[in-house]
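These notes concern the structure reproduced below.
Throughout, a chain's letter reflects where its sequence line sits, starting with A, and its residues are numbered from 1. Just so it is clear, the structure is predicted and the values come from calculations on it, not from any experiment.
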Amino acid sequence: MLLVNQIRENYAGVLAGLQKRNVHNAPSILDQVIALDDLRKLTQAQRDQIQAEANTISKQIGILMKEGRAEEAVAIRERTTQIKEQIKDLEEQYSKTEEDLKALLYTIPNVPHSSVPAGKSAEDNEVVLEYGTIPALFDGKLPHWELIKKYDIIDFDLGVKITGAGFPVYKGKGARLQRALINFFLDEALAAGYMEIQPPILVNEDSGYGTGQLPDKEGQMYFATADQLYLIPTAEVPITNLYRDVILSEEDLPIKNVGYTPCFRREAGSWGAHVRGLNRLHQFDKVEVVQITHPDKSYETLESMSSYVQGLLQKLELPYRVLRLCGGDMGFTSALTYDMEVYSAGQERWLEVSSVSNFETYQANRLKLRFKGEDKKTQLAHSLNGSALALPRIVAAILENNQTPEGIKMPKVLHAYLGFESI
RNA sequence: AGAGGGUUGGGUGAGUGGCUGAAACCAACAGUUUGCUAAACUGUCGUACGGGUUAAACUGUACCGGGGGUUCGAAUCCCCCACCCUCUGCCA
């Protein structure tokens with residue numbers, strides 16, 4: 001969430017940023033924040049002052065009792081009765097103000113970076129670059145949902161039987177392709193200096209708040225009611241939360257972690273014509289990279305993460321483009337997001353396969369993720385993450401783009417992982 | 001799942017309801033000294049939110065797993081919750 005001081009010190013900048021995100025009533029929201037914070041400070045000053053008085057009296061009573069001057073102790077004790085009432089009232093007022101302020105801050109998205117284009121929807125995203133050539137396929141080319149049936153490598157009907165829609169069963173070479181991609185992605189990340197993490201795939205409520213899934217997006221996560229745990233929608237949640245309530249030292253930065261996890265998304269209400277086959281699933285596999293950096297380095301890091309992800313796509317020989325998301329299409333917590341989309345020639349569509357974001361201090365503020373520099377002062381770190389990569393759409397594109405009448409050729413880089421060269 | 005025991009600062013670990021934001025030790029940091037390494041000695045050594053200051057200094061409040069209660073006063077007493085350990089049970 002945003003810092004109140006950030007709003008106070010850069011009111012115009014924050015306002016302009018929120019307007020770029022099409023936030024309604026941004027001025028009134030920001031003014032409310034400042035008013036609530038003023039009230040909070042005022043209430044705290046009053047509360048602290050009267051509490052100090054009460055503490056003084058209590059100490060005096062202690063001293064008097066020790067000296068055996070009980071009557072005097074009883075006399076001043078009477079003064080505390082009224083003070084207690086006041087403290088209680090002020091305490092309640094303070095808590096309420098603090099809660100109201102926090103609740104309001106939770107509703108405010110991150111301020112976009114200056115390079116983020118204004119816009120309302122995906123159509124306003126800016127194409128930063130395109131790479132590779134779109135394959136010209138033969139007549140009779142198929143979308144991947146036909147290919148997986150033809151070669152019997154992914155079975156949605158079996159998934160429906162044992163679980164439900166959106167939970168595919170990978171079989172034979174389909175399963176091996178999954179495993180190969182996961183290993184390939186992890187090995188690449190290790191070579192790029194990331195430390196591998198294998199986190200839990202259920203998380204508690206605090207973790208949901210830490211990375212911004214909560215409040216408001218609980219409907220998008222599966223929830224295990226008996227134990228009050230959420231199934232993770234992305235490894236970003238457990239991995240970033242490793243650093244919740246942590247004060248790092250500056251030399252620990254940057255922290256580079258990578259993790260493979262299954263991801264679970266309810267995707268309530270988002271099913272339509274364009275989400276056939278592997279395009280949208282309730283459970284899918286993803287390798288995620290997370291970095292914690294010094295604030296001065298985060299944009300440099302974002303670019304390097306973007307290049308890293310592009311490198312993976314190049315090795316997989318997939319044509320792709322990079323988008324700079326516009327204010328209206330960016331995630332709630334992000335300051336700048338690049339989406340990588342691969343071209344899937346069977347369905348003749350661009351598919352989003354990665355999203356690389358800089359959250360600046362937005363997550364760190366919630367996480368209380370700080371670092372201590374040489375000046376001994378603690379300050380919030382910046383957090384970033386990116387998919388590297390999400391499997392299903394990569395699989396879709398590999399299958400569609402490399403299909404031939406004789407079979408589907410696998411990218412060279414995967415041959416050693418797969419143990420076969422075509423399906 | 002049942003019974004019992006625990007949770008204190010970066011770590012170990014004291015703490016009888018009142019001068020305890022918290023002993024002691026270790027680690028860390030700064031300095032002094034001996035020719036370097038090392039050792040010894042001295043000092044510093046939590047976080048958050050306020051007030052204060054150009055910035056400091058200084059100062060108030062809160063925090064001893066989390067929340068609530070008793071009391072003039074709670075790390076200390078009571079209740080609820082979470083987590084950890086031991087034993088029993090179950091189990092990949």
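Between the side chain of A:E400 and the backbone N or O of A:Q347 there is at least one donor-acceptor pair closer than 3.5 Å. A donor-acceptor pair is defined here as one N or O able to donate and one able to accept, closer than 3.5 Å; such a pair exists between the side chain of A:R265 and the backbone of A:P233. Remark: the backbone N or O of A:M1 is paired with a side-chain donor or acceptor of A:N365 at under 3.5 angstrom. In this structure, the side chain of A:R176 engages the main chain of A:L418 through a donor-acceptor pair within 3.5 Å. Judged by distance alone, the side chain of A:D329 and the main-chain N or O of A:C326 form no donor-acceptor pair under 3.5 Å. Of the possible polar contacts, none joining the A:K173 side chain to the A:I153 backbone as a donor-acceptor pair under 3.5 Å is found. For A:T261 (side chain) and A:C263 (main-chain N/O), no donor-acceptor pair under 3.5 Å exists by modelled atom type. Formation of a donor-acceptor pair under 3.5 Å by the A:N385 side chain with backbone atoms of A:Q291 is not found in this model. Remark: side-chain polar atoms of A:K315 are not paired, donor with acceptor, to backbone N or O of A:K412 under 3.5 angstrom.
If you measure from atom CG of A:L39 to atom P of B:G50, you get 13 Å, rounded to the nearest angstrom. With rounding to whole Å, A:E85 atom CD is found 14 Å from B:C72 atom C1'. The distance from atom CG of A:L64 to atom C1' of B:G73 is 13 Å, rounded to the nearest whole Å. Atoms CG (A:D227) and C1' (B:A82) sit 13 Å apart, rounded to a whole Å. Protein atom CD1 of A:I247 is 8 Å distant from nucleotide atom P of B:G10, rounded to whole Å. In this structure, the CD1 atom of A:I87 is 13 Å from the P atom of B:C72, given to the nearest Å. Rounded to whole angstrom, the span from the CZ atom of A:R244 across to the C1' atom of B:G66 amounts to 13 Å. As rounded to whole Å, 17 Å separates atom C1' of B:A28 from atom CG of A:L248.
Rounded to whole Å, the P atom of B:C85 lies 29 Å from the corresponding atom of B:A23. Between B:A38 and B:G21, the two C1' atoms lie 35 Å apart (nearest whole Å). Using P as the reference atom, B:C77 and B:A14 are 16 Å apart when rounded to the nearest Å. The same atom, C1', is picked in B:G18 and in B:G52; the two are 30 Å apart, to the nearest Å. Here the separation of B:C72 from B:C26, taken at their P atoms, is 43 Å to the nearest Å. When the C1' atom is used for both B:A48 and B:G9, the distance is 15 Å, rounded to whole Å. To the nearest whole angstrom, the two P atoms, one in B:A22 and one in B:C81, are 34 Å apart. For B:U8 and B:C64, the P atoms lie 12 Å apart once the distance is rounded to whole Å.
Within residues 94-103 of chain A, the residues approaching RNA chain B are A:Y94, by heavy-atom distance under 4.0 Å.
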Check: Which is it for A:F167 and A:F156 under the ring-ring contact (aromatic ring centres under 6.0 Å, His included) test, yes or no, and what are the steps along the way?
Finding: CA-CA 7 Å; A:F167 292 90; A:F156 280 89; over 10 Å; no
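When distances are taken from the side chain of A:S58 to each of B:U47, B:G18, B:C19, the shortest belongs to B:G18. Considering only side-chain atoms of A:R40, the nucleotide from B:U47, B:G50, B:C72 that sits closest is B:G50.
Side-chain N/O atoms of A:Q363 and A:T211 include no donor and acceptor closer than 3.5 Å.
In this structure, the ring of A:H294 has its center less than 6.0 angstrom from the ring center of A:F371. Ring centers of A:H382 and A:Y299: at least 6.0 Å apart, outside the cut-off.
Among the protein residues, A:I63 comes within range of the nucleic acid bases, having at least one heavy atom under 4.0 Å from a base atom. At a threshold of 4.0 angstrom between heavy atoms, the contacts of A:I61 include nucleobase atoms, whether or not backbone atoms are also involved.
Each of A:K88 and A:Q60 lies near RNA chain B, and the nucleotide nearest A:Q60 is the one positioned closer to the 5' end. Taking for each of A:T80 and A:K59 the nucleotide of RNA chain B with the nearest heavy atom, the 5'-most of the two is the partner of A:K59.
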Mind listing the N/O atom pairs, protein and nucleotides 57-60 of chain B, below 3.5 Å?
{"unit_1": "B:G60", "atom_1": "N2", "unit_2": "A:Q44", "atom_2": "NE2", "d": "3.1"}
{"unit_1": "B:G60", "atom_1": "N2", "unit_2": "A:D48", "atom_2": "OD2", "d": "2.9"}

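Stem list for RNA chain B (at least 3 consecutive Watson-Crick or G-U pairs, distances under 3.5 Å): B:1-7 with B:82-88, B:10-12 with B:24-26, B:28-32 with B:40-44, B:46-51 with B:58-63, B:65-69 with B:77-81.
Between A:R370 and the phosphate of B:U47, there is no side-chain N or O to OP1/OP2 separation shorter than 4.0 Å. At least one side-chain nitrogen or oxygen of A:K84 sits closer than 4.0 Å to the OP1 or OP2 atom of B:G73.
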